[in-house]
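Report on one structure; see the data block that follows.
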There are 2 protein chains.
Amino acid sequence: MPNDRMNFARHRRVTMEDVGRMAGVSQVTVSRALSDPSKVSPKTLEKIREAIEVTGFVRNAVAGALASRKSRLVSALVPSITNVVYSSMIRALSERLRTHGYQILLSETGFSQADEEEAILAHLSRQPDAIILTGIHHSMQARRRLLGAGIPVLELWDTTDTPIDLCVGFDHAGAARAAAGFALERGYRKAATVTASDERARRRRAAFADRFAAGAVPDFDVCGPASIVAGREGLARLLDSHDLAGGIVYCSSDIIAHGVLIEAQSRGIAVPGDLAVMGFGDQDFARHLEPSLTSVRIDLEHLGQTAANTILDRIEGRNIAAPVTALNFEIIDRASV
Amino acid sequence: MPNDRMNFARHRRVTMEDVGRMAGVSQVTVSRALSDPSKVSPKTLEKIREAIEVTGFVRNAVAGALASRKSRLVSALVPSITNVVYSSMIRALSERLRTHGYQILLSETGFSQADEEEAILAHLSRQPDAIILTGIHHSMQARRRLLGAGIPVLELWDTTDTPIDLCVGFDHAGAARAAAGFALERGYRKAATVTASDERARRRRAAFADRFAAGAVPDFDVCGPASIVAGREGLARLLDSHDLAGGIVYCSSDIIAHGVLIEAQSRGIAVPGDLAVMGFGDQDFARHLEPSLTSVRIDLEHLGQTAANTILDRIEGRNIAAPVTALNFEIIDRASV
DNA sequence: TTGTATGCGTTATCAA
DNA sequence: TTGATAACGCATACAA
């Protein structure tokens, strides 16, 4: 296809005006036919349908949004789109919202507040009908802008008593304490942790250590996102300086636990005989590892759906029972502990 | 925060008009100050900056898009947003586009053409400046709409001689043939495959089998997306009916290969002693498995960046050297073969 | 350097 | 059931 075949600059869009002309009605009638067909007679409806078919008309949602002050766009900001924890939530969320005619404008914020501020501004300029943020820590500037936008704001993944507006998440510290309690109950008295560079992960690690042995738990911070190699290195470094025999390693995510498992295997350390391993998140693969991984189950689908429902309730003016929803977690007892 | 505190319905937006009034200039001058500050005197620039600060003005990109007929929005459709293969490409793509002021409107199409058609329509209604699709198989209806939109269209991930407009991808069949050649060179004469339900994956599997032994290669189709459990089951089922000793298993993705590795380990099958395993994609974790996984490297970052550059060239009216770009792949020789 | 007038393609409000 | 008219908030062309 030659380059000059497409001339994008001078492209005449088909408008409702055009459709109306062809169908012998006014532009307004076309608009009505699309948004509320019951207000248009069957005969003209058919003529309009035909004209749309022939012209290949596609409604201009930009003009519609400007006129109605409703964009049917919900923006969502996540730290990372390649992290399946976030993308699973977003998938559930967007699927639910799509059935109600909303599209998602998704951006990655990295883990920095400056990036988030910039992303928030870019998103707000698109006039979304609501905005979803990951986590509960946002700069004052960001909060001000969010409040100023006058749209529903939902903080996802975490919980707080002082949400900007709405909040759907779970109690990270509580989940980690539960994990520690589980380990203690199983008789473990020695523990170590491998933690990714994520504020929530660090908070969980702190809660785990606190509950387990008032903080006397060595930690390896992977200084980066969770990965298998991070888990392998974590265990390797911990073993350099500590005797973990008969203990348990609590990991900030299943993927890190997976790395720990691989490192243990390559060193001939029996799991759970010599060392127990616990993950977090209970991703699909956790139950299919060898040994299968004990983990803390978070229902990401449910989180995403609940967030979508909450947002929809707000947008469509229904009453919100409580602005903050804390979802449950569950310890999944498998072979690695 | 009580429910009635936020009244979203009656919210007065701050406009350029307001900013101008406060700064003692007209709306147009505010517009200019934002889009081309060099055309406004430093003194008024400062007054406008201040007024923006005070009012918390956020520019309305919807109105801007309507007026200028440029949305600075690029839409992207991928089969799955939780699949790291696609999300990695999109991350690279959107990062590059963002530096040029473009945002990405991302949607999941599932693997069905009907879903894709619907998604295309929804996206086109937002008046994107370009649209990116995954793969090269699209319904006639979809192609018609795309052409009718009069914007650049880029097909990503695959290659073809007959693109709708632009295309950036790699030769799937060629990559699979190279993998088969590699296995043959290593002396393997027996092979089996485990394949995910993805059109490209099936095409690669066919090319592998064809090159390896003119098709005499047993296959397990996992009937679903790639996952560790799919790989485990794949190997298990293949072993039920075939003697694979001394052979090689070619998997449609690293994640499936990972499952095959785990199943082999749990059965006491030595890799590569009793059975060799080969993945596809060379994801991060491939080198850190035990044994490390031989795979076919696809540079997803590069794919995403190249797509972004191609789109930018088109949008900004530069000449495109060739509408189709085929990127390279590379066999990564590790311990599992 | 700044301002006026006009249009972008819809929806909302009336009136017929 | 239909249509005329006026927003919506900004960018562009042109004038001053």
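For clarity, every value in this text was computed on a predicted model and none was experimentally measured. To find a chain, count down the sequence lines: A is the first, B the second, and so on, and within it residues start at 1.
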Checklist entry - With nearest nucleotides of DNA chain C determined for A:S35 and B:L66 from heavy-atom distances, which residue corresponds to the more 5′ nucleotide? => result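 Comparing both residues, the 5'-ward one is B:L66.
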
Next on the checklist: If the condition is salt bridge (Lys or Arg N to Asp or Glu O under 4.0 Å), which residues does B:E50 pass it with, not counting sequence neighbours?
Outcome noted: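 Counting only residues at least two positions away or on another chain, B:E50 forms no salt bridge (Lys or Arg N to Asp or Glu O under 4.0 Å).
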
Next on the checklist: Going by the rule salt bridge (Lys or Arg N to Asp or Glu O under 4.0 Å), which residues pair with B:R72 if we only count those two or more places apart in sequence or in a different chain?
Outcome noted: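 Scan of B:R72 (salt bridge (Lys or Arg N to Asp or Glu O under 4.0 Å), adjacent residues dropped) gives none.
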
With sequence neighbours excluded, tell me which residues meet side-chain hydrogen bond (donor to acceptor under 3.5 Å, both in side chains) with [X].
X      : answer
B:E316 : B:R318
B:T15  : B:D18
A:S68  : none

side-chain contact (heavy atoms from CB on, under 4.5 Å) partners of [X], counting only residues at least two apart:
X      : result
B:A51  : B:V19, B:M22, B:A23
A:A76  : A:I90, A:I104, A:L106, A:I132
B:L303 : B:M89, B:W157, B:V168, B:F170, B:I298, B:L300, B:L327

Next on the checklist: Working note: B:E155 + B:H138, criterion side chain to side chain donor-acceptor pair (under 3.5 Å); need CA distance, chi angles, decisive distance, verdict.
Outcome noted: CA-CA 10 Å; B:E155 294 167 278; B:H138 313 287; 3.3 Å; yes

Do any side-chain atoms of residues 27-35 of chain A form donor-acceptor pairs under 3.5 angstrom with protein atoms, and if so which ones, sequence neighbours left out?
{"from": "A:T29", "atom 1": "OG1", "to": "A:S26", "atom 2": "OG", "distance (Å)": "3.3"}
{"from": "A:S35", "atom 1": "OG", "to": "A:S31", "atom 2": "O", "distance (Å)": "2.9"}

Next on the checklist: Using five pairs at each end of the helix from C:dT1-D:dA16 to C:dA16-D:dT1 to define an axis, what is the angle between those two axes, to 10°?
Outcome noted: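 Here the local axes at opposite ends form an angle of 30°.
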
Please report, rounded to the nearest Å, how far the [atom2] atom of [N] is from the [atom1] atom of [X].
X      : N      : atom1 : atom2 : result
B:K70  : D:dC10 : NZ    : C1'   : 13 Å
A:N60  : D:dC8  : CG    : P     : 18 Å
B:L124 : C:dG9  : CG    : C1'   : 16 Å

Next on the checklist: With the threshold set at under 4.0 Å for non-hydrogen atoms, list the residues of residues 20-30 of chain A touching DNA chain D in residue-number order.
Outcome noted: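 Close to the strand are A:V25, A:S26, A:V28, A:T29.
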
Quick one: is [N] close enough that its OP1 or OP2 comes under 4.0 Å of any side-chain N or O from [X]?
X     : N      : result
A:R59 : C:dT11 : yes
A:S31 : C:dT11 : yes
A:R69 : D:dG9  : yes

Item to check | Selection: residues 40-52 of chain B, any non-hydrogen atom under 4.0 Å of DNA chain C | outcome: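 Residues of residues 40-52 of chain B under 4.0 Å from DNA chain C: B:V40, B:S41, B:T44.
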
Item to check | 5'-most by nearest nucleotide on DNA chain D - A:K39 or A:A67 | outcome: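 The 5'-side residue here is A:K39.
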
Next on the checklist: Could you check whether A:R49 pairs with A:E46 (Lys NZ or Arg NE/NH1/NH2 to Asp/Glu carboxylate O, under 4.0 Å)?
Outcome noted: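 Yes, this pair counts.
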
